[in-house]
Asker: 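Okay, handing you the structure first.
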Amino acid sequence: MSTVQEIEAAIRSLAPAQREELVKDLPGLLPELDGDAAWEKIIRDARPRPGFTTLLNEVQAEYRRAPKTFPEIKESNFDQRP
């Protein structure tokens with residue numbers, strides 16, 4: 001059994017309260033779980049993305065042409081679940 005498998009088995013065997021505690025502690029143990037750090041990595045990624053750049057340019061041009069066709073984003077939009 002690999003170390004990863006042993007860790008996974010140990011996590012599965014934790015009581016619910018211990019699992020909740022672990023969830024709180026994981027970002028400190030695994031910084032890559034920190035959402036801000038993940039976004040920072042994406043922002044600093046300098047690799048070219050021609051398809052994405054084309055899409056953004058098209059959306060930007062459409063927004064300049066007809067901004068009222070774009071719905072306003074409200075804070076409450078982020079509370080909705082798919």
Asker: With a 4.5 Å cut-off on side-chain heavy atoms, are L56 and Q60 touching?
Answerer: no
Asker: Group every Ile, Leu, Val, Met, Phe, Trp and Tyr by side-chain heavy-atom contacts under 4.5 Å, then state whether F78 and F70 land in the same group.
Answerer: no
Asker: Atom CH2 of W39 and atom CZ of R44: how far apart are they, to the nearest 0.5 Å?
Answerer: 15.0 Å
Asker: V23, L29: one ILVMFWY side-chain cluster at the under-4.5 Å cut-off?
Answerer: no
Asker: Taking all non-hydrogen atoms of both residues into account, name the closest pair between N77 and E72 and its distance.
Answerer: OD1-O, 3.9 Å
Asker: Tell me the closest heavy-atom pair linking R12 and R19, and the distance in Å.
Answerer: CA-NH1, 3.4 Å
Asker: In Å and rounded to the nearest 0.5 Å, what is the CG to NZ distance from L22 to K24?
Answerer: 11.5 Å
Asker: Mind checking side-chain contact (heavy atoms from CB on, under 4.5 Å) for I43 and listing every partner two or more places apart, or none if nothing turns up?
Answerer: none
Asker: Tell me which pairs pass side-chain hydrogen bond (donor to acceptor under 3.5 Å, both in side chains) where either residue lies in residues 45-54, with sequence neighbours left out.
Answerer: D45-R47, D45-R49
Asker: Working to the nearest 0.5 Å, report the span between CG of D25 and CD of E20.
Answerer: 12.0 Å
Asker: Check the surroundings of atom CD1 in I73: do more than 12 heavy atoms from other residues, nucleotides or ligands lie under 6.0 Å from it?
Answerer: no
Asker: So, using salt bridge (Lys or Arg N to Asp or Glu O under 4.0 Å) as the criterion, who are the partners of R64 when residues are at least two apart?
Answerer: none
Asker: Tell me, yes or no, whether the heavy-atom count around F52 atom CZ, taken from other residues, nucleotides or ligands under 6.0 Å, exceeds 12.
Answerer: no
